[in-house]
J.: 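Before we start, here is the structure in question, set down as structure tokens.
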Amino acid sequence: MAKIGLFWGTQTGNTQTIAEEIQKEFGGEEVVALYDIASADPDDFADYDFLIIGCPTWNVGELQADWDGFFDELDAIEFTGKKVAYFGAGDQIGYADNFQDAMGILEEKISELGGQTVGMWSTDGYEHSESKALKNGKFVGLALDEDNQSDLTSDRITTWVAQLKPEFGL
Ligand SMILES: Cc1cc2nc3c(=O)[nH]c(=O)nc-3n(C[C@H](O)[C@H](O)[C@H](O)COP(=O)(O)O)c2cc1C
């Protein structure tokens, strides 16, 4: 069974594509199992000590619709003892005051529920002005911008996964 459960939601496909790239970078489906949050069950989370959560920000600072629908179900999940990494898709130019807010909203909630955040990411190379995804001057996870910096995505994923492997103890 895969060691990592990666739960993603998407509106226009970017986050699914990114999730598949992250899976590949970790070594494929034997290492990372993918779940569309639109059809995921809270019990699916119980199978993994290592989780990756992927959510784009929509509607000016909001969760993607399927994550929004799942949000209250998070309360039923035992996150204590789990290491949780986050990634998001956003638009730092079009939504500079709300860049990656969804990643921050999910990280705050899951941390309150006991999850231990790993995979923090530097803000170097970004031009946003405000974000709920910032903690101690860093993004709480991998911030990707397919609208303005898609050329950087592959390298960012490679670097982030290399950072995560030891953080997950893999
Ligand atoms: C109406 C609309 C609202 C958006 N709001 C935000 C936002 O508040 N913050 C942000 O960082 N990106 C925002 N975005 C950008 C999307 O998050 C970005 O295009 C992302 O790649 C979409 O991912 P998806 O294809 O997985 O749904 C918005 C895009 C649209 C069209």
Side-chain angles (χ1 to χ4, degrees), residues 4-26 32-42 44-45 48 50-74 77 79 84-113 115 117-135 138-161 163-164:
I4 303 169
L6 190 163
F7 294 79
W8 55 270
T10 191
Q11 221 57 29
T12 58
N14 289 336
T15 305
Q16 178 176 9
T17 304
I18 294 162
E20 288 164 358
E21 278 188 50
I22 290 171
Q23 181 190 50
K24 204 167 153 198
E25 191 67 32
F26 265 105
V32 177
L34 298 180
Y35 295 84
D36 182 351
I37 200 66
S39 51
D41 188 276
D44 294 331
F45 288 71
Y48 305 98
F50 307 122
L51 295 168
I52 302 177
I53 303 292
C55 184
T57 303
W58 275 92
N59 301 327
V60 193
E62 302 285 335
L63 296 176
Q64 183 269 337
D66 300 309
W67 270 115
D68 194 43
F70 196 85
F71 194 71
D72 288 343
E73 300 202 56
L74 290 170
I77 297 169
F79 284 103
V84 190
Y86 301 82
F87 71 94
D91 173 353
Q92 65 196 286
I93 307 294
Y95 301 91
D97 291 339
N98 299 87
F99 183 51
Q100 300 284 348
D101 278 1
M103 186 163 70
I105 293 166
L106 286 169
E107 193 272 343
E108 185 178 23
K109 172 83 167 176
I110 291 171
S111 297
E112 279 169 14
L113 294 168
T117 302
V118 295
M120 303 283 286
W121 186 251
S122 169
T123 57
D124 291 352
Y126 298 88
E127 290 181 36
H128 63 283
S129 8
E130 283 183 50
S131 173
K132 280 188 187 148
L134 292 174
K135 230 182 206 179
K138 283 189 150 194
F139 287 117
V140 294
L142 177 63
L144 297 171
D145 185 339
E146 295 304 281
D147 295 273
N148 308 290
Q149 296 180 332
S150 60
D151 52 322
L152 300 179
T153 295
S154 268
D155 282 354
R156 282 174 169 165
I157 289 173
T158 302
T159 306
W160 188 63
V161 168
Q163 173 190 326
L164 263 187

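Numbers for residues simply follow the sequence, beginning at 1. Computation of the quantities below employed the complete heavy-atom set of this structure, encompassing side-chain atoms and omitting hydrogens, waters and symmetry-equivalent molecules.
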J.: So how far is it from Gln64 CD to Asn14 CG, rounded to the nearest 0.5 Å?
T.: 11.5 Å

J.: With side chains defined as the heavy atoms from C-beta onward, is the minimum distance between Ser154 and Glu21 less than 4.5 Å?
T.: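 With C-beta onward as the side chain, the pair touches.
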
J.: Is there a donor-acceptor pair closer than 3.5 Å between any side-chain N or O of Glu73 and the backbone N or O of Pro42?
T.: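 Judged by distance alone, no pair lies under 3.5 Å.
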
J.: Could you give the distance from OG1 (Thr15) to CD (Glu20), rounded to the nearest 0.5 Å?
T.: 11.0 Å

J.: What pairs with Gln92 under side-chain contact (heavy atoms from CB on, under 4.5 Å), at least two apart in sequence or on another chain?
T.: Phe99, Tyr126, Glu127, His128, Asp145, Asn148, Gln149

J.: Would you indicate whether the side-chain heavy atoms of Ile105 and Trp67 approach each other to under 4.5 Å?
T.: no

J.: Looking only at non-hydrogen atoms, find the nearest pair between Gly90 and Gln100 and report the distance.
T.: N-NE2, 3.4 Å

J.: Just verifying a value: how many Å separate Phe139 CZ and Leu142 CG, rounded to the nearest 0.5 Å?
T.: 10.0 Å

J.: Do you know the tightest heavy-atom contact between Ala33 and Tyr48?
T.: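 For Ala33 versus Tyr48, the nearest heavy atoms are CB-OH, 3.4 Å.
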
J.: Given Ile77 and Leu113, is the side-chain contact (heavy atoms from CB on, under 4.5 Å) satisfied, shown in steps?
T.: CA-CA 8 Å; Ile77 297 169; Leu113 294 168; over 6 Å; no

J.: Using 0.5 Å steps for rounding, measure from the CG atom of Asp41 to the CZ atom of Phe70.
T.: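 Here the rounded value is 7.0 Å.
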
J.: Check whether any side-chain heavy atom of Tyr95 sits under 4.5 Å from a side-chain heavy atom of Asp101, and report yes or no.
T.: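 Not in contact.
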
J.: Please find the pair of heavy atoms, one from Ala85 and one from Trp160, that lie closest to each other, and give the distance.
T.: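 So the two residues come closest at CB-CZ2, 3.8 Å.
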
J.: Quick one: pull up CG in Leu63 and NZ in Lys109 and give me the separation to the nearest 0.5 Å.
T.: 10.5 Å

J.: Once ring pair (Phe, Tyr, Trp, His ring centres under 6.0 Å) is applied, do any residues pair with Phe50, and if so which ones, sequence neighbours excluded?
T.: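 Per chain and number, Phe50 pairs via ring pair (Phe, Tyr, Trp, His ring centres under 6.0 Å) with Phe168.
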
J.: Would you mind reporting whether Ile157 and Phe87 have side-chain heavy atoms less than 4.5 Å apart?
T.: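 No - every pair of side-chain heavy atoms lies 4.5 Å or more apart.
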
J.: Any salt bridge between Glu108 and Lys132, counting N to O under 4.0 Å?
T.: no

J.: Just wondering, do Thr10 and Ile18 contact through their side chains at under 4.5 Å, heavy atoms?
T.: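 No, every pair of side-chain atoms sits at 4.5 Å or beyond.
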
J.: Yes or no on side-chain contact (heavy atoms from CB on, under 4.5 Å) for Leu106 and Leu74, after CA distance, side-chain angles and deciding distance?
T.: CA-CA 9 Å; Leu106 286 169; Leu74 290 170; 4.0 Å; yes

J.: So, Thr117 and Glu107: side-chain donor and acceptor under 3.5 Å apart, yes or no?
T.: yes

J.: What heavy-atom pair brings Pro56 and Gly9 nearest, and what distance separates the two atoms?
T.: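 Minimum heavy-atom separation between Pro56 and Gly9: CD-O, 3.1 Å.
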
J.: On a heavy-atom basis, which atom in Trp8 and which in Ala19 lie closest, and how many Å separate them?
T.: CD1-CB, 3.8 Å

J.: Hey, does Asp147 have a side-chain heavy atom less than 4.5 Å from the side chain of Ile93?
T.: no

J.: Under 4.5 Å between any side-chain heavy atoms of Thr57 and Glu62, yes or no?
T.: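 Not in contact.
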
J.: Going through the distances and angles, do Glu130 and Asn98 end up as a side-chain contact (heavy atoms from CB on, under 4.5 Å)?
T.: CA-CA 6 Å; Glu130 283 183 50; Asn98 299 87; over 6 Å; no

J.: Report the C-alpha distance between Leu6 and Phe26 in whole Å, list the side-chain angles of each, state the deciding distance to 0.1 Å, and finish with yes or no for side-chain contact (heavy atoms from CB on, under 4.5 Å).
T.: CA-CA 11 Å; Leu6 190 163; Phe26 265 105; over 6 Å; no

J.: I need the Thr153 OG1 to Leu144 CG distance, nearest 0.5 Å.
T.: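 Going from the OG1 atom of Thr153 to the CG atom of Leu144 covers 5.0 Å.
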
J.: For Phe7, which residues count as a ring pair (Phe, Tyr, Trp, His ring centres under 6.0 Å) partner, sequence neighbours excluded?
T.: Tyr35, Phe45

